[in-house]
Amino acid sequence: MTLEKVYEPQRFEPRWAEAWIAGGYFTPPEKKQDGREVFSLVIPPPNVTGSLHIGHMLEHTEIDATIRWRRMRGDQTLWLPGQDHAGIATQMVVERALREKEGLSRHDLGREEFVRRVWQWKEQYGGAIIHQMKRTGASCDWTRNRFTLDPGLSRAVRETFVRLYEKGLIYRGEYMVNWCPRCHTALSDLEVVHEEAPGNLWHIRYPVKDMPGRFVTVATTRPETMLGDTAVCVNPGDERYRDLHGRTVVLPLVNREIPVITDPLADPKFGTGVVKVTPAHDPNDFEAGRRHNLPHVAVIGLDARMTAAAGAYAGLDRFEARTRVLADLEAQGLLEKTEAYALSAGRCQRCKTIVEPLVSTQWFCRMKPLAEPAIRAVEDGRIRIVPESYAKTYFEWMHNIRDWCVSRQLWWGHRIPAWHCAGCGQVTVSREDPAACAHCGSPRIEQDPDVLDTWFSSGLWPFSTLGWPDRTADLETYYPTTLLITGFDILFFWVARMIMLGIECTGDVPFRTVYIHGLVRDAHRQKMSKTRGNTIDPLEVIEQYGTDAVRFALLRGAAPGMDIALSEERMASSRAFANKIWNAARFLFLQMEKVGLGQLPLGEPPREVAKPCAIAGAVPLEDRWIRHKLNEAAARMEQAQLSYRYHEAADIVWTFLWDDFCDWYVEIKKLRVQQGVEPRAHVETMAETFELALRLLHPLMPFITEELWQRLAAKDARRPESICIAPCPQPGGAADEEAARRFGLLQSMVTAARALRADNRVDPGARVDGWIESMSTDVQSVAASEAAVIDALAGGAFELNPAARPAGVRRAAADFAVGLKLSGAQIDSIRQRVQKRLAELEKVIASSRRQLSSGSFIAKAPAHVVEGIREKLAAYEKELAEQQAVLAELGL
RNA sequence: GGGCGGUUAGCUCAGUUGGUCAGAGCGCGUGCCUUACAAGCACGAGGCCGCAGGUUCGAGCCCUGCACCGCCCACCA
């Protein structure tokens, strides 16, 4: 069972990824099993537009770390994977590919053929995503993989749409929507991103009818829309314009007479206090237009070109039209002034084209009635959002929610289940494709050409994937899901809608907890972006550092809402950690061979966190200590996992394995083996401890732990086939504070001794005889003499004598002074250390005493706090006495 | 305009109910190729914990204000 000298993760990682899936460890049963907690989570389905980026890997690693830990904890665990058809995004990339490769537009192919092409794309890239996820060790149940356009999920979409329609929550109507002239579709408010950009505020004079020489000056950022003005508006309370009430103005360039209206729309403090009203091209004006029954004059069309209604400007692009309108106004002396003005332009989230507010007929979902129960669910804690600060963002948005435009003029997506009748003109909305109009019976019906917003189907994801609307066993068992891990960027797009639709459709919340992760940034905290060129390709770094190292590097920075700075250094040091573990195992295996120990017979996993070394009648201090440390690590791991502090989980295993296990425990065991007293027993305890440490680490670094565990543990009928399903170390083992304290003392003595040795080098005048060259020999030398530190502290060969402790400490100090022939300078050095500590102790003791004597504190502080301070004070005083004793010995 | 987060060692970050919390990784300095690991080992240097007040016996930690940095939301023409 020798181990290759070099740690080469690429040699075993892909193999285990396949073996795990083949073993079926990630596929839980449909029915709930007695005595097991259910832990379920649905993946935020990646878009099928391309391959996964490092942000996905962070998300999947966080999910996987939790899922694997839950599985090892014994929970009935489901991680359901899948992909999203991502309507507009996917249609866009396929159209682009089509244009670039074949020079065709989707219209050249026709709807049916185009959709077929997108499916082809999906097969190719969806597969790539799955492959990538498997390679990162994601422990998904691939037998339950879902796609938002699967027949089952499509049925859920229809069911939901029809239900909402029947409840009057979905309606069709002519309203102002955000229109992307490039994508040629309506967009929801969320799909429009606002960017501030420099612009101008133009002041334009409109002549007032029947008042020669009287003009009213409006201020606008979009002069081209004036062609569609159907009123000008002043604030009713604005005295400056009282004479205009009831008047009519003549719209320049088109010479249309339009009324002056009074409406709060006009803010007297802004611009000139007069606003032009274009109901067809501005959301505010649209509303004002309804209030005042103004006609609509649409001068900009779906292609962002001026319509026939724009008269002389017809056919011009909207921005060309702006230039021309301004020039013409200027020529007529109607352009009063041009003022620089920063304005925020709404752009299409996908293609960055400036969206055009246009009036068109679309399908909408009424949100207020859906939002109310969703708000309550978070308020009353049925859903917990982590970090909590995002709950506030959630409430803010939900309280101001507006109706959702759900129809898209795309071809790729869920076709809206509505049929228009050529006979009576009415709409039939139906779960099944109808043969005839439900109102007049005419067979001349045609399905609505639009598809649904892609987020509509995503909003059903937690239950549509489990079989809803059928009452499947999966749904019964795994819904509501336990946890959702996702990014803040889709809190409104997705999370909020899942909560609303989940409650509406199933009557229950879709998940209990929402964990929001941060962004992966580069080494300098810059956002990653293709244009910056600082992106990290997961597969590339996996190839370079190994999956475990990349996962670990990500987790080392992961906590709720925290952005993560991922650098080459961090991945390199994580790989160093993996390498360290690899080599620890290598050493262990060599030792096991040497003492004639084969693989560890595991059998039933130990309930106790680690067994002590079976040496006749005595438990070596280091065994008591390492068990204590492992117990502590297991307990802290549970806390870290429960609060999603992955960075802490990573820190716990790092410190335990590297600092405690490798640097101290193994080094001391080397000595024990050299001492020759029952070496086999020592090696065996060491191996058992390591085995448990591997389990503790497995959720974070699944591959290396599996590889080593398989080699370490003998096949046995009772042994789990994979570490994936081996029980993890559970907290609750006996804490051994005494061993921890004594070992801590040993550590500080050894460290002090080493420092002295280093100092000694600098000062050639004072040589220390028999000093060791390195850590291992350090301990060896110390342990070699009967009076040396370990044994001194142990107060015997192996076991500590509690009563002998203070004396033991003094003895150790004396041994250092006498046995090691310390120079005066060196003794001074130790004295300084001790004195520094004494000063600290005195300070904290004085402070504690003062606190305890403070009447106001005693009165105000809770009893347990006071008690805690008393206990600490006692401990400080005890340590003070001990340190003083050390000082006295040194003073010899 | 509203809201949220950040500011701790040269760099990237921990620090969970205020009291052994001044820490980690990388980097840096010194000494070690020691038969698990040089992707390593040992030791060390380095920080008015953004600034100014306040609460407290005691403040990276709580309160107030300020200064930068970042993010989200918003229909002010």
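All chains are named by letter (A, B, ...) in the order of the sequence lines, taking the proteins before the strands, and each is independently numbered beginning at 1.
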- In this structure, are over 12 heavy atoms from other groups packed under 6.0 Å from A:E4 atom CD?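 Above 12, so yes.
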- Parallel, tilted or perpendicular: ring planes of A:W658 versus A:W654, cut at 30 and 60 degrees: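 A:W658 and A:W654: parallel rings.
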Closest to the [X] side chain: [options]?
{"X": "A:S389", "options": "B:G15, B:A36, B:G5", "value": "B:G5"}
{"X": "A:D663", "options": "B:A42, B:G40, B:U12", "value": "B:A42"}
{"X": "A:A565", "options": "B:A36, B:U12, B:G25", "value": "B:U12"}
{"X": "A:E648", "options": "B:U16, B:G3, B:U12", "value": "B:U16"}
{"X": "A:R645", "options": "B:U16, B:C26, B:A36", "value": "B:U16"}

- Task: Would you mind checking if A:E356 and A:R222 are paired as a salt bridge, meaning a charged N to carboxylate O distance below 4.0 Å?
- Result: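 Judged by the 4.0 Å cut-off on N to carboxylate O distance, A:R222 and A:E356 do form a salt bridge.
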- Could you run through nucleotides 71-77 of chain B and give me one letter per nucleotide, 5' to 3': B if any protein heavy atom sits under 4.0 Å from the base, S if only the sugar-phosphate is that close, - if neither? --S-BBB
- Would you tell me if any nitrogen or oxygen in the side chain of A:H647 comes within less than 4.0 Å of OP1 or OP2 on B:G15?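 So the side chain of A:H647 is within the cut-off, an N or O lying under 4.0 Å from OP1 or OP2 of B:G15.
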- Message: Check this one for me: any side-chain N or O of A:K5 less than 4.0 Å away from OP1 or OP2 of B:C37?
- Response: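 Yes.
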- Excluding sequence neighbours, so at least two apart, what forms side chain to side chain contact (heavy atoms under 4.5 Å, CB included) with A:E287?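 Partners of A:E287 under the side chain to side chain contact (heavy atoms under 4.5 Å, CB included) test: A:R290, A:R291.
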- Query: Does any donor-acceptor pair link the side chain of A:K392 with the base of B:C4 at a separation under 3.5 Å?
  - Reply: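 Such a pair does not exist between side chain and base.
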- Task: Under 3.5 Å for both distances, Watson-Crick or G-U wobble, that's the pair rule; now give the dot-bracket for RNA chain B, with | marking pairs to another strand and [ ] for crossing ones.
- Result: (((((((..((((.....[...)))).(((((.......))))).....(((((..]....))))))))))))....
- Length of the CG-P vector between A:D651 and B:G25, whole Å: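 Interatomic distance, CG of A:D651 to P of B:G25: 9 Å.
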- Protein-nucleotide distance (A:E638, atom CD; B:U16, atom C1'), rounded to Å: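 The answer, rounded to whole Å, is 16 Å.
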- Item | A:M637 side, atom CE; A:I652 side, atom CD1 - distance, nearest 0.5 Å |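 Here the interatomic distance stands at 5.0 Å.
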